[in-house]
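Read the structure below first, then the notes.
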Number of protein chains: 2
Amino acid sequence: MGNSAGLSAPGAGREPRSEKAEETRERILDAAEKLFARHGFYGVTVRQITRDAGVDVALAHYYFGTKMGLFDAVFFRRAEILNRERIASLNRYEGNPGAGGPSVEGVIEAFVGPMLDIWAAGGNGWSNYFALLAQVNNTPDWGGETMARYFDPVIHRLLDVLRTVLPGATEEDLLWCYQFLSGAMLLAFAQTGRIEKLSDGRMKSSDVAAVRARMPRYIAAGFRAICVGNSPPLYP
Amino acid sequence: MGNSAGLSAPGAGREPRSEKAEETRERILDAAEKLFARHGFYGVTVRQITRDAGVDVALAHYYFGTKMGLFDAVFFRRAEILNRERIASLNRYEGNPGAGGPSVEGVIEAFVGPMLDIWAAGGNGWSNYFALLAQVNNTPDWGGETMARYFDPVIHRLLDVLRTVLPGATEEDLLWCYQFLSGAMLLAFAQTGRIEKLSDGRMKSSDVAAVRARMPRYIAAGFRAICVGNSPPLYP
DNA sequence: GTCTATAGCTTGATAGAC
DNA sequence: GTCTATCAAGCTATAGAC
């Protein structure tokens, strides 16, 4: 699914757009982001999107060609930002790992931190986008491929840094652990309302602080349990 | 989404069905399971399902009323089995935790084991079903609610057993850790093809043994890191 | 850039013959 | 139980006026 290649912007390099046009484009993207995140690609019609955006149906096709083109544009818009932030964070961490030197926790925090910061900074757009990522990540057949197309460079960068703090880890161990990380992280970001149900309304899916306090340590412990020595696990 | 209440079978208590009719019903369910898993509820038409099943369109409505009724029936069919197996496994473990006495690893294995066994035993039906679960689990708004309706009793049972091996854990810690477990586990079961892409084809999403060797220990380590003491984590 | 109008299909669902 | 036939509604996408 999707056909914009790699990390080059779909529709990039166009002549300068008028301010009004740019705003219209963004309104369509925002509405599409929200609705795709909630109901998936097929659960939404172009008409619903443009109605939500307050613009004419035909404009969606004018700006994005097809419904799929619109989906790709939504997916791409924030992927670019996300990738930049996470690469920068990993680079910063490698350059200066802090007091006790590099650690698994540190690397995971450097990777997850930017997303937590963005989430904490608020904005419905990002919340919707995270929910969309979780859905695509868990879509069989083309989900893995789509995630790979947009995010694999960052993930390979993460794996490189992880290898420096987990020198004995096998490739299999590292990749499976990343898969677990990916599932745990994106479900937490998706805000599905499950935690509300389980806790009888006492806890909130939107509690960023709660996730920040637990997720990096949870994930780092998992990596160490698998990638350091073997059963029984050793904790250096 | 969905409206069959609790764990009572939708359409249960009907008069005895003929064998041929029962087979037709199952064929529709199998096709629907496969296609819903691959493309989501809205990504599939009733016509595609019945075509795949080799039966007439009208029969889907005859047996299941609406498209949503069909979806509910698909979701319910295996949920019942899954719940029974997991409850039985947790009971067995509580009755006989094995040599070293009860442990976090043991509880997690008792919970995840039945799903790994079912997966290992093969059958496309179950693979499709797991993929469907992963999708619903990651669906915002109604995903959490739907999962809760079908699976919360088992999860509360799991949490009860976990409390006995993690006596000091707070409710918040336990529930967030479960949320991470849920995301990691279902993504691994969804076979999205991501691991193939990341490993350049050297690893397979369908490698049950690889998941069995790692996931329980990964998850147990995460629980211990969060639910035992506080930073820095202590490993008993 | 924006809108109207519409082409050309497909959809979920049902009525009724067999 | 199964199939044919069909309906009303909604869909993506486009052509062309402004």
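Values below: all heavy atoms of this structure, side chains included; hydrogens, waters and symmetry mates excluded. Letters go in sequence order (proteins before strands), and every chain restarts at 1.
Residues forming a ring-ring contact (aromatic ring centres under 6.0 Å, His included) with F223(A) (at least two apart in sequence, or on another chain): none. Every ring-ring contact (aromatic ring centres under 6.0 Å, His included) that F130(B) has, sequence neighbours left out, goes to W126(B), F189(B).
Distance CD (E23(A)) to P (dG1(C)): 13 Å, rounded to an integer number of Å. The OH-P distance, from Y62(A) to dT14(D), rounds to 15 Å in whole Å. When rounded to the nearest whole Å, the span between CZ of R51(B) and C1' of dC3(D) equals 16 Å. What separates CZ of F64(A) from C1' of dG1(C) is a distance of 14 Å, to the nearest Å. If you take NZ of K67(B) and P of dT14(C), they are 15 Å apart, rounded to a whole angstrom. Atoms NE2 (H61(B)) and C1' (dA5(D)) sit 15 Å apart, rounded to a whole Å. We find that CD of E22(A) is positioned 13 Å from C1' of dG1(C), with the value rounded to whole Å. In this structure, CD1 of I28(A) is placed 11 Å from C1' of dT2(C), rounded to the nearest angstrom.
For T45(A), whose side chain is taken as the heavy atoms from C-beta onward, the closest listed nucleotide among dC11(D), dG1(D), dT4(D) is dC11(D). Side-chain atoms of L59(A) lie closest to dT2(C) of the nucleotides dA13(D), dT2(C), dG12(C). Side chain of Y63(B), nearest nucleotide from dT2(D), dA13(D), dT4(D): dT2(D). Side chain of A58(A), nearest nucleotide from dA15(D), dG1(C), dA15(C): dA15(D).
Applying the 4.0 Å criterion to OP1 and OP2 of dT2(D), one finds that T24(B) has a side-chain N or O inside that range. Note on T66(B): every side-chain N or O is 4.0 Å or more away from OP1 and OP2 of dG12(C).
Using cut-offs of 30° and 60° on the angle between ring planes, the pair F76(B) and Y150(B) is tilted.
Of the possible polar contacts, none joining the Y93(B) side chain to the A88(B) backbone as a donor-acceptor pair under 3.5 Å is found.
Using a cut-off of 4.0 Å between Lys/Arg side-chain N and Asp/Glu carboxylate O, R78(B) and E33(B) are scored as salt-bridged.
In this structure, G54(B) and Q48(A) both approach DNA chain D, and ranking their closest nucleotides by distance from the 5' end singles out G54(B).
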